[in-house]
There are 4 protein chains.
Amino acid sequence: MSKRDLILATALELFVHQGIGATATAQIAKAAGVATGTLFHHFPSKAQLVSALYLNVKTQLAEAMRLEQGEGDLAGRARQYWDRGMDWALAHPESLRFMSLVYHRPGQDGDLKRQAMLEILGFIPELLRQGQAEGRLRPVPEDLALEQCQGQFMTAAQFFIDHPDKAGDGHYRDAAFDLFWLSMARH
Amino acid sequence: MSKRDLILATALELFVHQGIGATATAQIAKAAGVATGTLFHHFPSKAQLVSALYLNVKTQLAEAMRLEQGEGDLAGRARQYWDRGMDWALAHPESLRFMSLVYHRPGQDGDLKRQAMLEILGFIPELLRQGQAEGRLRPVPEDLALEQCQGQFMTAAQFFIDHPDKAGDGHYRDAAFDLFWLSMARH
Amino acid sequence: MSKRDLILATALELFVHQGIGATATAQIAKAAGVATGTLFHHFPSKAQLVSALYLNVKTQLAEAMRLEQGEGDLAGRARQYWDRGMDWALAHPESLRFMSLVYHRPGQDGDLKRQAMLEILGFIPELLRQGQAEGRLRPVPEDLALEQCQGQFMTAAQFFIDHPDKAGDGHYRDAAFDLFWLSMARH
Amino acid sequence: MSKRDLILATALELFVHQGIGATATAQIAKAAGVATGTLFHHFPSKAQLVSALYLNVKTQLAEAMRLEQGEGDLAGRARQYWDRGMDWALAHPESLRFMSLVYHRPGQDGDLKRQAMLEILGFIPELLRQGQAEGRLRPVPEDLALEQCQGQFMTAAQFFIDHPDKAGDGHYRDAAFDLFWLSMARH
DNA sequence: TATGAATGAGTATTCATTCAT
DNA sequence: CATGAATGAATACTCATTCAT
């Protein structure tokens with residue numbers, strides 16, 4: 001593992017447990033076993049370290065969610081996306097927490113991060129549009145629905161991370177998806 | 001307005017726009033037009049200032065949401081709660097943002113804040129239980145449902161704060177509530 | 001002596017002996033017997049400390065050179081100014097050195113400092129103009145002459161500071177002034 | 001141009017515009033298009049880079065000022081020296097500025113640099129001695145006169161660099177030399 | 001010769017908190 | 001109650017220099 005990657009991995013861990021602002025660059029460097037100068041050699045500023053880390057995490061999630069082809073019906077495809085995302089979140093709980101951390105940071109380049117997230121959850125508007133066209137989904141305003149779906153995914157993921165015992169419980173997994181899906185479905 | 005209240009109001013504004021960690025006590029004091037010593041005279045530490053502010057905001061929201069008596073049917077009562085909360089959020093956008101800020105703070109007394117929020121949105125589990133008993137709501141695991149409802153309320157509120165033009169649009173308001181309600185309703 | 005003045009005095013000494021860039025704010029604070037925070041309480045940045053110090057020194061020199069009234073003839077008045085300046089420089093060698101330091105700093109607010117110096121040596125253009133009008137001084141371009149006179153004064157002052165034994169030698173003192181005066185006089 | 005020379009040229013430019021202390025070796029290397037290691041391969045330390053640069057510049061100036069033989073009378077020879085120096089300064093403004101920079105640096109090997117400069121302007125004491133012997137120059141203390149002449153040359157050169165339009169104006173050029181020469185001449 | 005990642009002591013500046021008035 | 005000067009540990013970032021390739 002390159003020193004750069006070591007720094008990224010260490011930063012992720014510390015950021016998630018202490019908060020971004022509360023984590024000193026010196027602490028990251030020390031915990032990663034490199035000199036402070038090394039951190040700044042790879043990332044010119046703390047902000048850029050955060051950005052690079054965010055990009056990293058975002059890319060990983062996006063890859064994890066890539067669906068080869070639209071298989072099955074609408075609800076089935078939605079469920080596949082949902083499950084992939086959830087599996088990734090459970091496999092990388094710190095990454096998910098970090099995304100949420102960055103997402104909720106105040107006073108920062110909010111729009112950038114918000115847009116970045118839409119990029120990942122971009123399948124949602126597509127599903128929504130298609131579902132509405134097919135008459136399977138209710139005509140919910142897209143912008144509002146998107147925000148809500150995103151929130152529901154993040155909330156569910158965080159819930160399963162916080163309650164690992166329930167993450168394997170099919171009943172819970174189904175309930176979480178239904179809570180998401182039925183909020184939009186036409187009944 | 002007492003100096004104490006002035007400090008609280010100023011802190012709220014600054015915290016929300018810059019973040020809690022990024023706001024210096026000296027800045028709060030200066031913006032409030034008092035000496036730094038005065039701030040620490042009223043609040044022995046920054047942490048306690050944050051706590052006091054949180055308590056303040058929480059109390060206000062709780063009061064705004066108090067329903068005299070259970071009027072109407074289940075969905076009607078739920079809608080009343082939802083609307084009251086939403087109105088309050090729109091009237092006090094910074095307060096809502098601050099709650100979300102504290103809620104998502106990492107490494108902190110998470111449980112305390114989480115519990116405090118349940119206290120306010122406490123009507124949800126009640127509605128949920130009653131609705132399930134009456135067969136009007138699906139049997140969703142309570143802990144998961146609670147988390148989701150809470151998240152949906154906060155998301156919707158933030159959405160309307162960010163898009164004030166849509167906050168008065170009845171179509172949007174209905175859609176937001178439906179997204180919440182239909183996720184749990186039996187169809 | 002207030003802490004603020006203590007810091008200024010200490011900074012002057014250190015700047016002059018080590019250079020401005022080579023003197024750490026922490027070193028100034030320590031040498032002055034105050035905390036680093038105290039320095040930044042009084043001077044928001046190192047640059048502003050330097051500016052404040054410069055202003056201080058400039059004001060002192062200006063006061064020292066103030067002539068109650070135009071006594072004597074042109075050369076006599078010039079000599080009085082020259083001697084006052086020289087006496088002040090000998091009494092405050094570090095102040096003079098600091099002025100020269102700031103004056104020669106590269107990449108900085110050169111114009112500001114240059115103008116500030118003209119302000120002090122402002123009597124020179126006056127003398128020059130009057131002398132030229134009376135036919136006692138040669139018609140030297142004013143801007144060039146001003147620069148040269150300034151330089152000659154600073155050079156002479158520095159020379160006497162570096163050779164204190166010669167500062168009391170009337171022969172040397174006369175020679176220094178003549179070098180200055182005869183460069184402009186009509187013969 | 002060899003990498004070594006490239007580094008020297010780049011360093012000159014940066015030193016002059018930002019100051020020596022404020023210019024990082026890494027910046028020089030980058031601007032010169034070489035690796036940091038390369039800079040330290042050619043110059044074992046920043047101090048030695050500065051010295052090498054100084055030597056370079058000094059040598060160039062010395063060569064530019066070399067007069068084949070004493071032609072003409074005293075004032076004529078002086079004027080020749082003066083003009084050569086001034087022409088070189090105008091052709092290499094950054095070199096001149098760098099010399100002045102090094103000359104005024106505090107806390108450094110002052111005597112060395114001072115002596116180095118005398119080496120270049122060494123013709124002045126000679127002229128002075130000869131002129132005094134011939135009775136054409138006043139009996140000014142040599143050490144003081146030398147310092148003043150040096151200062152006047154540097155000041156005039158800097159003036160013409162700062163005001164290029166006046167550098168070609170014969171009136172100004174004459175005035176600058178006269179200011180220098182008449183300060184010592186017997187009238 | 002040339003490279004550039006790595007180092008770690010050093011720098012300016014911030015900030016929660018104290019306390020004498 | 002109120003003030004604001006004083007504190008000093010902590011922080012993000014810099015930089016001359018080294019060294020394995």
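In what follows, chains are A, B, ... by sequence order, proteins preceding strands, each numbered from 1.
As rounded to whole Å, 8 Å separates atom P of E:dT7 from atom NE2 of A:H42. Between the CD atom of D:Q48 and the P atom of F:dA16 there is a distance of 14 Å, given to the nearest Å. Atom P of nucleotide E:dT3 and atom CG of D:L6 are separated by 11 Å, given to the nearest angstrom. Protein atom CD1 of D:I28 is 11 Å distant from nucleotide atom P of F:dC15, rounded to whole Å. For C:L14 and E:dT11, the CG to P distance is 13 Å, given to the nearest whole Å. Between D:K30 atom NZ and F:dC15 atom P there is a gap of 13 Å when expressed in whole angstrom units. Taking atom CD1 of residue B:I7 and atom P of nucleotide F:dC1, one finds them 12 Å apart after rounding to whole Å. What separates CD of C:Q18 from C1' of E:dG10 is a distance of 14 Å, to the nearest Å.
Here salt bridge (charged side-chain N to carboxylate O under 4.0 Å, His left out) pairs that include residues 10-22 of chain C, with residues two or more places apart or in two chains, number zero.
The closest side-chain heavy-atom distance from B:L12 to B:S95 is below 4.5 Å. The side-chain heavy atoms of D:H104 and C:R105, taken from C-beta on, include no pair separated by under 4.5 Å. When side chains are defined from C-beta on, B:V102 does not count as touching B:F15, because their heavy atoms never get closer than 4.5 Å.
The CG atom of C:D162 sits 4.5 Å away from the CD atom of C:Q158 when rounded to the nearest 0.5 Å.
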Report all side-chain donor-acceptor pairs from residues 28-45 of chain D shorter than 3.5 Å, counting only partners two or more places apart or in another chain.
{"residue": "D:S45", "atom": "OG", "partner": "D:A47", "partner atom": "N", "Å": "3.4"}
{"residue": "D:S45", "atom": "OG", "partner": "D:Q48", "partner atom": "N", "Å": "3.2"}
{"residue": "D:S45", "atom": "OG", "partner": "D:Q48", "partner atom": "OE1", "Å": "3.4"}

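With distances taken from any side-chain atom of A:H41 to the nucleotides E:dA6, E:dT3, F:dA5, the minimum falls on E:dA6.
Note on A:T38: every side-chain N or O is 4.0 Å or more away from OP1 and OP2 of E:dA5. A close approach under 4.0 Å does occur between a side-chain nitrogen or oxygen of D:K3 and OP1 or OP2 of E:dT3.
Every residue was checked against the salt bridge (Lys or Arg N to Asp or Glu O under 4.0 Å) condition with C:K3, not counting sequence neighbours, and none meets it. Residues that satisfy the salt bridge (Lys or Arg N to Asp or Glu O under 4.0 Å) test with D:K58, not counting sequence neighbours, are D:E119.
For DNA chain E, runs of at least 3 consecutive pairs of the Watson-Crick or G-U wobble type, with both hydrogen-bonding distances under 3.5 angstrom, map to E:2-21 with F:2-21.
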Annotated protein contacts, base or backbone, on nucleotides 13-21 of chain E with a non-hydrogen cut-off under 4.0 Å, one of B, S, - each:
BBSBBB---

Kindly determine whether B:F98 and B:V50 satisfy side chain to side chain contact (heavy atoms under 4.5 Å, CB included), including the steps that lead there.
CA-CA 10 Å; B:F98 178 68; B:V50 171; 4.2 Å; yes

